[in-house]
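See structure below.
Just so you know, these numbers come straight off a predicted model, no measurement behind them.
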Amino acid sequence: VVGIISGIIAYFLNLALIRVSKPKFKISSIISKEEDGYRIKFINKTLSDIENLKMEMFIQTKHISNSQGDEDYRLREVKLKNTKCSYLAGLIHKDPKLNDNCVQLFIEDDLENIWKDDDKLIFQITAYNRFTGVKAIQRQELHCPKESIKKGKFKSGQTIEIINNL
């Protein structure tokens with residue numbers, strides 16, 4: 001009986017550890033349009049550091065629709081300046097002066113020319129917790145280019161606010 005109870009307790013402690021250590025991000029729902037191009041910002045909200053980040057962006061376009069209402073989609077990759085990062089500080093180890101848990105990612109493609117009103121823009125981050133190895137995939141879906149692209153720059157720090165409208 002003691003073995004069964006201790007096994008159940010260990011199981012729930014392991015579940016709690018996985019839940020707490022799973023990488024979490026705050027991803028901007030707005031893309032900034034600056035003089036030199038577009039940017040999206042995300043912030044590591046995980047307590048511990050994360051590693052092996054992979055960032056991807058796609059435009060999802062309706063490809064085929066049939067009479068039963070089924071739809072197929074086509075994904076087109078959007079070019080990002082950097083798609084990988086080996087380390088990103090967590091909330092415990094971040095440097096408050098550097099804000100080294102925040103990333104502004106440069107988008108190389110001209111979004112306003114390739115993203116149509118009925119398409120969906122998908123930004124996805126895959127990352128691993130540095131200490132537990134727990135993997136997480138987090139996505140942000142943007143639906144309307146006119147509402148999702150704003151002229152200006154992201155404010156520095158722990159915010160995804162856009163300032164300095166150009």
Side-chain angles (χ1 to χ4, degrees), residues 18-63 72-164 166:
I18 289 172
R19 185 175 175 96
V20 168
S21 65
K22 186 175 180 180
K24 298 172 198 69
F25 301 96
K26 182 176 186 180
I27 303 173
S28 172
S29 60
I30 301 291
I31 293 173
S32 72
K33 181 179 180 184
E34 300 181 28
E35 293 174 2
D36 62 345
Y38 305 90
R39 286 183 172 74
I40 190 164
K41 183 174 180 178
F42 64 93
I43 303 168
N44 179 13
K45 292 294 191 177
T46 313
L47 291 176
S48 60
D49 305 334
I50 55 175
E51 58 186 13
N52 298 329
L53 285 89
K54 181 180 176 186
M55 291 80 66
E56 300 171 292
M57 186 175 278
F58 303 97
I59 293 177
Q60 179 179 319
T61 306
K62 191 184 301 184
H63 179 57
D72 287 337
Y73 293 92
R74 179 179 296 166
L75 292 178
R76 177 192 185 278
E77 186 174 0
V78 176
K79 292 180 187 173
L80 302 173
K81 182 79 170 173
N82 296 314
T83 59
K84 295 182 181 180
C85 177
S86 59
Y87 170 83
L88 191 59
L91 294 175
I92 293 173
H93 296 119
K94 75 178 175 75
D95 185 332
K97 292 180 183 175
L98 295 177
N99 293 303
D100 54 352
N101 67 319
C102 304
V103 175
Q104 289 190 41
L105 198 59
F106 186 77
I107 301 165
E108 291 184 338
D109 283 333
D110 185 358
L111 284 180
E112 290 174 306
N113 285 331
I114 62 171
W115 183 15
K116 308 301 179 212
D117 287 338
D118 54 346
D119 295 343
K120 185 189 304 183
L121 185 74
I122 301 168
F123 178 65
Q124 179 173 293
I125 304 171
T126 305
Y128 296 84
N129 184 294
R130 186 173 186 197
F131 300 108
T132 63
V134 173
K135 175 183 174 180
I137 299 174
Q138 190 168 332
R139 299 167 53 127
Q140 177 70 286
E141 296 182 358
L142 306 173
H143 297 277
C144 180
K146 291 176 183 135
E147 295 175 9
S148 300
I149 298 174
K150 187 186 262 188
K151 287 186 179 181
K153 296 182 179 188
F154 282 106
K155 187 175 180 180
S156 182
Q158 305 295 312
T159 180
I160 54 175
E161 178 185 349
I162 293 180
I163 58 170
N164 297 335
L166 304 172

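The side chain to side chain contact (heavy atoms under 4.5 Å, CB included) test with Lys97 is passed by exactly one of Asn99, Asp95, Asp100: Asp95. Results of the salt bridge (charged side-chain N to carboxylate O under 4.0 Å, His left out) test with Glu112 over Lys33, Lys151, Lys150 single out Lys33 as the only residue that passes.
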*Between Met57 and Asp109, is a side chain to side chain contact (heavy atoms under 4.5 Å, CB included) present by the stated rule, with each step listed?*
CA-CA 11 Å; Met57 186 175 278; Asp109 283 333; over 6 Å; no
_If you apply the rule side chain to side chain contact (heavy atoms under 4.5 Å, CB included), what do you find for Gln60 with Arg74, and how did you get there?_
CA-CA 6 Å; Gln60 179 179 319; Arg74 179 179 296 166; over 6 Å; no
*Given side chain to side chain contact (heavy atoms under 4.5 Å, CB included), test Leu142 with Ser29 step by step and report yes or no.*
CA-CA 7 Å; Leu142 306 173; Ser29 60; 4.2 Å; yes
*Could you check Glu108 against Tyr38 for side-chain hydrogen bond (donor to acceptor under 3.5 Å, both in side chains), going step by step and ending with a plain yes or no?*
CA-CA 7 Å; Glu108 291 184 338; Tyr38 305 90; over 6 Å; no
*Go through the steps to decide whether Tyr87 and Asn52 satisfy the test side chain to side chain contact (heavy atoms under 4.5 Å, CB included), and finish with yes or no.*
CA-CA 6 Å; Tyr87 170 83; Asn52 298 329; over 6 Å; no
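The two residues Leu105 and Met55 come nearest to each other via the heavy atoms CD2-CB, 3.7 Å. When every heavy atom of Asp119 is checked against every heavy atom of Ile114, the shortest pair comes out as OD2-O, 4.1 Å. When all heavy atoms are compared, the tightest approach of Trp115 to Ser148 is CH2-CB, 3.5 Å. Minimum heavy-atom separation, Pro23 to Ala127: CG-O, 3.8 Å. Closest approach of Asn44 and Lys24 over heavy atoms only: OD1-O, 3.5 Å. The two residues Ser21 and Thr132 come nearest to each other via the heavy atoms OG-OG1, 3.2 Å.
At least one donor-acceptor pair under 3.5 Å links the side chain of Gln140 to the backbone N or O of Ile27. Although no hydrogens or angles enter the test, the distance criterion places a donor-acceptor pair under 3.5 Å between the side chain of Thr159 and the main chain of Glu161. No donor-acceptor distance shorter than 3.5 angstrom exists from the side chain of Asn101 to the backbone of Lys94, with no hydrogens or angles considered. Between the Asp49 side chain and the Gly90 main chain, a donor and an acceptor come within less than 3.5 Å of each other.
Leu47 contributes atom CG, which lies 9.5 Å from atom CG of Asn129 (distance to the nearest 0.5 angstrom). For the atom pair NZ of Lys84 and CG of Leu53, the computed distance is 11.5 Å after rounding to the nearest 0.5 Å. The CD1 atom of Ile160 lies 8.5 Å from the CD1 atom of Ile30; values are rounded to the nearest 0.5 Å. Taken to the nearest 0.5 Å, the CZ atom of Phe154 stands 4.5 Å off from the OG atom of Ser32. Remark: Glu51 CD to Cys85 SG distance equals 10.5 Å, nearest 0.5 Å. Lys41 contributes atom NZ, which lies 13.0 Å from atom NZ of Lys153 (distance to the nearest 0.5 angstrom).
Taking the six-membered ring for Trp and thresholds of 30 and 60 degrees, Phe42 and Phe123 have ring planes inclined between 30 and 60 degrees apart.
By the side-chain hydrogen bond (donor to acceptor under 3.5 Å, both in side chains) test, Asp118 pairs with no residue at all, sequence neighbours left out. Scanning for side-chain hydrogen bond (donor to acceptor under 3.5 Å, both in side chains) contacts around Glu141 gives Lys120, Arg139, with sequence neighbours left out.
Annotation: Arg76, atom CZ; neighbour count of heavy atoms from other residues, nucleotides and ligands within 6.0 Å is above 12. Around NZ of Lys62, the count of heavy atoms belonging to other residues, nucleotides or ligands within 6.0 Å does not exceed 12. Other residues, nucleotides and ligands place more than 12 heavy atoms under 6.0 Å from the CZ atom of Phe58. Atom NZ of Lys146 is surrounded by 12 or fewer heavy atoms from other residues, nucleotides or ligands within 6.0 Å.
Considering only heavy atoms from C-beta on, Ile31 comes within 4.5 Å of Leu121 through its side chain. Within the 4.5 Å cutoff, no side-chain heavy atoms of Phe106 are placed close to those of Ile40. Two residues are said to be in side-chain contact when any heavy atoms from C-beta on lie closer than 4.5 Å; Ile125 and Lys54 fail this criterion. At least one side-chain heavy atom of Ile50 sits under 4.5 Å from a side-chain heavy atom of Phe25.
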